Amino acid sequence: SDLYDPDILRPVDADTKIPPPNTSTEDVHKWWTSLTPEERQHLLAEHPKDLGNLNGVPVDARSEVNEAVMNDDLHRVEDLAKNGVSVNDILSDPSRYGLSPNAVMRYNNAVQARNGLNTSSKAEDAFGRHPPVYLLKYQPDAFGGEGAAAIAMGNPDMADNTAVLVKGLGSGVREGTLSNPDGVRLYQESARADWNKQTAVVMWVGYDAPNTWHDPGLFEPNMARTGAQALAADVNALPVTHLGAPSHMTVVGHSYGSTVVSDAAAGYGMHTNDVVLVGSPGTDLAHSAADFHLAPGGHLYVGAASGDSVTWSPNGNAPGPAGPRLVGLGDDPSVDGFGATRFKAENPPYTANPIYDHSHYFDDGSESLFSISDVVSGHGDALQHDGMIARQRGEYGLGEWVDPEVARPATTGHRHRGPAG
């Protein structure tokens, strides 16, 4: 491979060539480890924007580069704000200040990334400590300006348990998904679930998601399949730079993100121990749990609130408990015979809004968040002990439109006690 051509590896200076984006993760890691500490430090100081997005470079180094690039994007605008000129003044007439549309777009997404880092920094582990936070991916001009990024709470290179969270409809850097509290809640509950071990949760906003309920892309899997390829590459890269014993890996998909996760596992070779799907509109390329090709001992877990109309969409247009079903994106993983372990995910507040349950799987104290955290902490077997196993849709041959969970009252106050418990 020309990756080891001396012109690429030496000398390291301002004109240093880093491996191209299509270089394998393993080769990138070999290249990085071949550099001397001085050479690495020089590269970090130069912070070429592609370096922070190279799978195979350690998380802390990637984050240092990405934050430097993010700060460049911020300062390009904010440094102009002086002598009574505000940032809003600049953004209202950017050409007057010599700013291109691309610079404005990068600035707006840099603000969202900074907000996401600030939100993630407020997370607490089981001892009340704030985990280190890393900007693992930063591509503010991806997807026509929607942006791509990933933020890690805790270091995936050091963690015993790592989770990657993939959100669905309307997610994007521009849309503020990096500040969504679901990742913080998942980190905190998972850290309490096994406080003897280090936890990392990655908020992954790395694909072009459908934007609204009226987006045609919501009703077909092409965006999910494209995103699945990127997700598989990013997830598979994490073990390459991990230090010590392998981390227990869980990939969690919510809503359209569950279709992305399903396709990554079934169609694009994503390697993980466990997969969790919540609020799934269908698994597209996967038709059973076996199609996820999980590591030995791994399991597929599913959360589907009985009142979540999105989870009824895979079964066609017959009436469900929340009204007519939508057109789905494949098989329903919560039905009997699919091969998944279904956990309790009911929500107590009654509401006539069929979408309410769909957006509350990560509420603090909920059945769903508690159950997901059991899995993320490597204790999926504790679901039975904790009384969190739910019955499958269509059990006893009653048909997949019959959900035993409809008749069960929802419960609250589910929290792992941590070291104080």
Side-chain angles (χ1 to χ4, degrees), residues 123-127 131 153-154 156 159-166 181-203 235 246-254 257-258 261 265 272-280 289 292 294-305 308 311 333-334 338-348 357 360-392 405 408 410-421:
E124 294 183 353
D125 67 10
F127 300 93
M153 288 157 275
D160 302 290
N161 299 310
T162 300
V164 178
L165 175 59
V166 184
D182 290 351
V184 171
R185 293 169 181 160
L186 181 58
Y187 173 84
Q188 294 184 158
E189 194 61 39
S190 300
R192 286 198 299 263
D194 194 338
W195 49 269
N196 278 313
K197 294 183 178 179
Q198 294 188 55
T199 299
V201 170
V202 177
M203 191 75 169
V235 169
S247 183
H248 173 267
M249 180 69 67
T250 306
V251 184
V252 183
H254 175 220
S258 73
V261 171
T272 182
N273 298 98
D274 296 317
V275 163
V276 177
L277 308 178
V278 288
S280 181
F292 284 74
L294 300 174
H299 293 86
L300 173 66
Y301 298 89
V302 173
D308 179 0
T311 67
S334 69
F338 192 89
T341 298
R342 186 185 183 192
F343 54 81
K344 294 180 178 179
E346 297 298 295
N347 288 293
D357 285 348
H360 289 267
Y361 287 102
F362 296 89
D363 283 6
D364 180 47
S366 66
E367 297 176 346
S368 179
L369 180 61
F370 183 91
S371 299
I372 297 169
S373 298
D374 267 350
V375 177
V376 169
S377 63
H379 300 293
D381 55 350
L383 291 171
Q384 184 73 46
H385 174 270
D386 293 337
M388 301 307 287
I389 299 294
R391 292 168 60 190
Q392 307 280 5
E405 287 291 278
R408 182 183 64 79
T411 57
T412 60
H414 299 281
R415 296 179 181 87
H416 293 91
R417 292 173 294 181

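Worth saying up front: this structure is predicted, and the values here are computed from it rather than measured. Scope of the values below: all heavy atoms of this structure, side chains included, with no hydrogens, waters or symmetry mates.
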Quiz item: T311 side chain to D308 main-chain N or O, any donor-acceptor pair under 3.5 Å?
Solution: yes
Quiz item: Has the side chain of K344 got a donor or acceptor atom that lies under 3.5 Å from a matching backbone atom of G387?
Solution: yes
Quiz item: Has the side chain of E189 got a donor or acceptor atom that lies under 3.5 Å from a matching backbone atom of L369?
Solution: no
Quiz prompt | Sidechain-backbone polar pair: S368 side chain, Y361 backbone, donor-acceptor under 3.5 Å | solution = yes
Quiz item: Hey, are R192 and D125 close enough for a salt bridge, meaning a charged N less than 4.0 Å from a carboxylate O?
Solution: no
Quiz item: Is the shortest heavy-atom distance from the side chain of V251 to the side chain of V276 under 4.5 Å?
Solution: no
Quiz item: Which atom pair, heavy atoms only, marks the closest approach of A193 to S373?
Solution: CB-O, 3.8 Å
Self-check item: With T162 via side chain to side chain donor-acceptor pair (under 3.5 Å) - residues at least two apart
Solution: S247
Quiz item: Within the side chain of Q392, is there an N or O that forms a donor-acceptor pair under 3.5 Å with the backbone of A340?
Solution: yes
Exercise. Report yes if the side chains of L277 and F292 come closer than 4.5 Å at any heavy-atom pair, otherwise no.
Key: yes
Self-check item: H416 and F370 aromatic ring geometry - parallel, tilted or perpendicular at 30°/60° bounds
Solution: parallel
Exercise. Mind checking side chain to side chain donor-acceptor pair (under 3.5 Å) for D182 and listing every partner two or more places apart, or none if nothing turns up?
Key: K167, R185
Exercise. Hey, could you give me each pair passing salt bridge (Lys or Arg N to Asp or Glu O under 4.0 Å) that has a residue in residues 366-384? Not counting sequence neighbours.
Key: E367-R408
Exercise. Determine, stepwise, if the pair L300 / F338 fulfils side-chain contact (heavy atoms from CB on, under 4.5 Å).
Key: CA-CA 10 Å; L300 173 66; F338 192 89; 3.5 Å; yes
Quiz item: Where do A126 and P419 come nearest, in terms of heavy atoms and distance?
Solution: CB-CD, 3.5 Å
Quiz item: Could you walk me through whether H414 and T411 pass the side-chain contact (heavy atoms from CB on, under 4.5 Å) check?
Solution: CA-CA 8 Å; H414 299 281; T411 57; 2.6 Å; yes
Practice problem: Report the C-alpha distance between F343 and V278 in whole Å, list the side-chain angles of each, state the deciding distance to 0.1 Å, and finish with yes or no for side-chain contact (heavy atoms from CB on, under 4.5 Å). | Solution: CA-CA 10 Å; F343 54 81; V278 288; 3.7 Å; yes
Self-check item: D160 side chain to H248 side chain, donor-acceptor N/O pair below 3.5 angstrom
Solution: no
Practice problem: Decide yes or no for V376 and L186: does some side-chain heavy atom of the first lie under 4.5 Å from some side-chain heavy atom of the second? | Solution: yes
Quiz prompt | Any donor-acceptor pair under 3.5 Å from R342 side chain to A304 backbone | solution = yes
Self-check item: Distance in Å, S190 OG paired with K197 NZ, rounded so as to fall on 0.5 Å steps
Solution: 13.0 Å
Exercise. Could you go through the side-chain contact (heavy atoms from CB on, under 4.5 Å) check for N273 and L294 one step at a time?
Key: CA-CA 6 Å; N273 298 98; L294 300 174; over 6 Å; no
Quiz item: What are the two closest non-hydrogen atoms of D274 and H299, and how far apart are they?
Solution: OD1-N, 2.7 Å
Quiz item: Rounded to the nearest 0.5 Å, what separation is found between the CG atom of N161 and the OG1 atom of T199?
Solution: 5.0 Å
Self-check item: CD-CD distance between E405 and E346, expressed to the nearest 0.5 angstrom
Solution: 5.0 Å
Quiz item: If every non-hydrogen atom of A410 is compared with every non-hydrogen atom of N347, which pair is closest and at what distance?
Solution: CB-C, 3.5 Å
Quiz item: Is a side-chain donor or acceptor of S366 paired with a backbone partner of F362 at a separation under 3.5 angstrom?
Solution: no
Self-check item: 4.5 Å side-chain heavy-atom contact, Y301 and L383
Solution: yes
Exercise. Would you check if V252 and V261 make a side-chain contact, meaning some heavy-atom pair closer than 4.5 Å?
Key: no
